[in-house]
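What follows is a single structure, written as structure tokens, with notes after it.
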Amino acid sequence: REASGVLASILEVFKENRVPLVHVYMSRPLPERVIELVLFADLTFKNELVDRIKARLKELDFVEKVEVFRPELNGLKRLL
């Protein structure tokens with residue numbers, strides 16, 4: 001599948017749930033390599049959406065793994 005189509009499909013999941021992304025990293029698409037995509041989403045006050053988004057991403061035929069990492073420090077935004 002074309003890399004731009006993969007990215008668009010994944011971003012649509014966040015759009016459907018009205019979840020803003022604060023950072024997106026995508027590895028360089030090469031024929032012999034799996035594309036790695038790392039997304040940082042602002043789920044402040046939206047914890048109930050985490051499982052729904054994770055399940056929806058896993059439904060996409062080209063997604064191999066979905067991991068969720070929670071911030072180690074609550075309120076980090078206020079410290080920066």
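Residue numbers run from 1 in the order of the sequence given. Values reported hereafter were calculated over all heavy atoms of this structure, with side chains retained and with hydrogens, waters and symmetry mates removed.
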Would you say that more than 12 heavy atoms from the other residues, nucleotides or ligands in this model lie under 6.0 Å from the CD of E64, or not? no
Between L39 and F62, is there shared hydrophobic-cluster membership here, with clusters defined by ILVMFWY side-chain heavy atoms closer than 4.5 Å? yes
Show the nearest heavy-atom pair for residues D42 and V19, with the distance to one decimal. O-CG1, 3.8 Å
Hey, any chance I10 and V38 share a hydrophobic cluster, counting ILVMFWY side chains that come within less than 4.5 Å of each other, even indirectly? no
How many angstroms lie between NZ in K15 and CG in L21, if you round to the nearest 0.5 Å? 12.5 Å
At what distance, to the nearest 0.5 angstrom, does OG of S9 lie from CD of E59? 12.5 Å
Identify each donor-acceptor pair in which a side-chain atom of residues 22-37 lies under 3.5 Å from a protein atom, sequence neighbours left out, and give them as a table.
| residue | atom | partner | partner atom | Å |
| --- | --- | --- | --- | --- |
| S27 | OG | E36 | N | 2.8 |

Between F40 and V68, is there shared hydrophobic-cluster membership here, with clusters defined by ILVMFWY side-chain heavy atoms closer than 4.5 Å? no
Given 3.5 Å as the limit, does a donor-acceptor pair link the side chain of K46 with the main chain of N17, or not? no
Do F14 and L49 have side chains that get closer than 4.5 Å, going by heavy atoms? no
In terms of side-chain geometry, is the basic nitrogen of E67 or K54 positioned less than 4.0 Å from the acidic oxygen of its partner? no
Check: E16 and R56 side chains under 4.5 Å, non-hydrogen atoms: yes
For the residue pair L43 and I53, establish whether any side-chain heavy-atom pair is separated by less than 4.5 Å. yes
